[in-house]
There are 2 protein chains.
Amino acid sequence: MLLSKAMIRLTQARKKIIEIILKTASPISAEEIIRLLPVNKTTVYRQLHALTYAGLINEVDLADRKKRYEMSDLTHHHHLVCLKCQKVEDINLDDHLFSQEKKIEKDKQFKISKHNLEFFGYCLNCQ
Amino acid sequence: MLLSKAMIRLTQARKKIIEIILKTASPISAEEIIRLLPVNKTTVYRQLHALTYAGLINEVDLADRKKRYEMSDLTHHHHLVCLKCQKVEDINLDDHLFSQEKKIEKDKQFKISKHNLEFFGYCLNCQ
DNA sequence: ATAATTGCAAACACTTTGCACATGT
DNA sequence: ACATGTGCAAAGTGTTTGCAATTAT
């Protein structure tokens, strides 16, 4: 596990938080991590920031009010969110989006650094 | 202005809130509306719900923690968000996304009801 | 008249901060 | 030893709720 120089120590709390995010298939919220670990919520929030800053994990926004996190060494992908059971599935799509970004940068003189794309609907169980 | 049967009365507060959203080019937050109007925040939040439920306005999520609102009788579009000045610009793109949705529905057996797409980066002024 | 709407204060969910104590190297 | 990390309580946002008073039809 590579930790940038911004984060040297491999403490118990940090290790456990990374493990949880690693073993969770879909983006996980601070609240869920707090529920799963005997670690103070302040520490969890602080580590989520630190790990995001260090580039090890990514913040994911899914249109509810809480941030979620996933490992960042994944290939670029988007999310499928069930409006009933809240389950989140990763999805890879042949991405026209990067070429669209080029076009937008030109047309709008806007320097794009990232995009978010989420699909909302109902999973097989819930429809 | 057409109000669905769920919302009959055209009260002062409701009228002012609709006017503000109409005249604001990009999605506006509850906080901004509260700042602009002599209307209690509870009323603002309640009207934003009611108007959303009535289908007159749409909730927009832009990866910060607050909801924003725009008139819903706009053609489908996405958003360009400046990470420095927070300015939001609407953007229309020839949408491959609906055809992608079809494919996802088939592959994943997931019934899609909507999607969100936002681009983040720096506007001309801020880059 | 009466159902819908409003304002106020209090509660809520999620996240952040200040500070003293504990831990990793 | 000393910088870094931790826990606890308290504060900070953004949003929602209960309830009594007000307003639109």
Side-chain angles (χ1 to χ4, degrees), chain A residues 1-21 24 26-70 81 86 88, chain B residues 1-21 24 26-70 81 86 88:
Chain A
M1 176 82 50
L2 195 141
L3 290 182
S4 86
K5 65 182 167 199
M7 322 211 23
I8 314 146
R9 299 189 187 175
L10 190 56
T11 60
Q12 282 310 301
R14 179 168 295 154
K15 205 164 124 189
K16 285 188 204 146
I17 292 170
I18 295 173
E19 275 164 10
I20 291 246
I21 298 175
T24 306
S26 53
I28 187 172
S29 65
E31 197 209 351
E32 292 170 283
I33 297 173
I34 292 162
R35 202 183 318 125
L36 290 170
L37 289 183
V39 171
N40 186 273
K41 67 179 172 182
T42 303
T43 302
V44 170
Y45 282 113
R46 274 196 285 234
Q47 285 309 329
L48 291 173
H49 282 143
L51 294 167
T52 301
Y53 178 73
L56 208 73
I57 63 176
N58 276 147
E59 269 186 13
V60 175
D61 268 280
L62 297 177
D64 56 1
R65 241 98 294 286
K66 49 188 134 188
K67 293 176 193 161
R68 287 158 205 267
Y69 298 85
E70 65 185 10
V81 185
Q86 314 301 329
V88 179
Chain B
M1 177 79 53
L2 197 140
L3 290 182
S4 86
K5 65 184 167 198
M7 320 209 27
I8 313 145
R9 299 188 185 174
L10 190 56
T11 60
Q12 283 309 301
R14 179 168 295 155
K15 206 166 123 188
K16 285 188 205 146
I17 291 170
I18 295 173
E19 275 165 10
I20 293 245
I21 298 176
T24 306
S26 53
I28 186 172
S29 66
E31 196 209 351
E32 292 170 283
I33 297 173
I34 292 162
R35 202 183 319 125
L36 290 169
L37 289 182
V39 171
N40 186 274
K41 68 178 173 183
T42 304
T43 302
V44 170
Y45 281 112
R46 275 197 285 234
Q47 285 309 329
L48 291 173
H49 282 142
L51 294 168
T52 301
Y53 178 73
L56 208 73
I57 62 176
N58 277 147
E59 269 186 13
V60 176
D61 270 280
L62 297 176
D64 55 2
R65 242 98 291 288
K66 48 189 135 188
K67 293 176 192 161
R68 286 159 206 267
Y69 297 85
E70 64 185 10
V81 184
Q86 314 301 330
V88 179

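We use all heavy atoms of the structure for the numbers below, so side chains are in, but hydrogens, waters and symmetry mates are not. To find a chain, count down the sequence lines: A is the first, B the second, and so on, and within it residues start at 1.
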B/S/- along nucleotides 18-23 of chain D (protein heavy atoms under 4.0 Å) is BB---B

Smallest heavy-atom separation, I33(A) atom then I17(A) atom, equals CG2-CG1, 4.3 Å

Short side-chain to backbone donor-acceptor contact, Q47(B) and V44(B), under 3.5 Å | no

Determine whether N40(B) and I34(B) satisfy the following criterion, side chain to side chain contact (heavy atoms under 4.5 Å, CB included), listing intermediate values before the conclusion. CA-CA 7 Å; N40(B) 186 274; I34(B) 292 162; over 6 Å; no

Residues in residues 57-68 of chain A with a heavy atom under 4.0 Å of DNA chain D, by number, are none

Quiz prompt | Salt bridge flag under 4.0 Å for residues E59(A) and R68(A) | solution = no

Q | E19(B) bridged to K15(B) by N-O distance under 4.0 Å | A | no

Atom OH of Y45(A) and atom P of dA13(C) are separated, to the nearest Å, by 12 Å

Separation of dT16(C) atom C1' from H49(A) atom NE2, nearest Å, is 8 Å

Exercise. Compare side-chain N and O positions of N40(A) against OP1 and OP2 of dC8(D) and report whether any pair is under 4.0 Å apart.
Key: yes

When rounded to whole Å, the CD1 to P distance for the pair I18(A) and dG5(D) reads 12 Å

Taken to the nearest whole Å, NZ/K41(A) to P/dG18(C) is 16 Å

For Y69(B) and I57(B), the nearest pair of non-hydrogen atoms, with its separation, is CD2-CD1, 3.6 Å

Rounded to whole Å, the CG-C1' distance (L51(A) to dT4(D)) equals 14 Å

Tightest non-hydrogen contact, residues L48(B) and A30(B), listed as CD1-CB, 3.7 Å

Rounded to the nearest 0.5 Å, the CZ atom of R35(B) sits from the OG atom of S29(B) at a distance of 7.0 Å

Whole-Å distance, R35(A) CZ to dA13(C) C1', equals 13 Å

Judged by nearest nucleotide, the residue sitting upstream toward the 5' end of DNA chain D, Q12(A) or E31(B), is Q12(A)

Phosphate-side-chain proximity, Q47(B) and dT6(C), N/O vs OP1/OP2 below 4.0 Å
yes

Atom CD of Q86(A) and atom P of dA13(C) are separated, to the nearest Å, by 16 Å

Tightest non-hydrogen contact, residues T24(B) and I20(B), listed as OG1-O, 2.6 Å

- Can a salt bridge be assigned to the pair R65(A) and D61(B) using a cut-off of 4.0 Å between side-chain N and carboxylate O? yes

Here the distance between atom P of dA22(C) and atom CZ of R14(A), to the nearest Å, is 20 Å

Overall bend of the helix from dA1(C)-dT25(D) to dT25(C)-dA1(D) (five pairs an end, 10° steps) is 30°

In terms of heavy-atom contacts, P27(B) and V88(B) come closest through CD-CG1, 3.8 Å

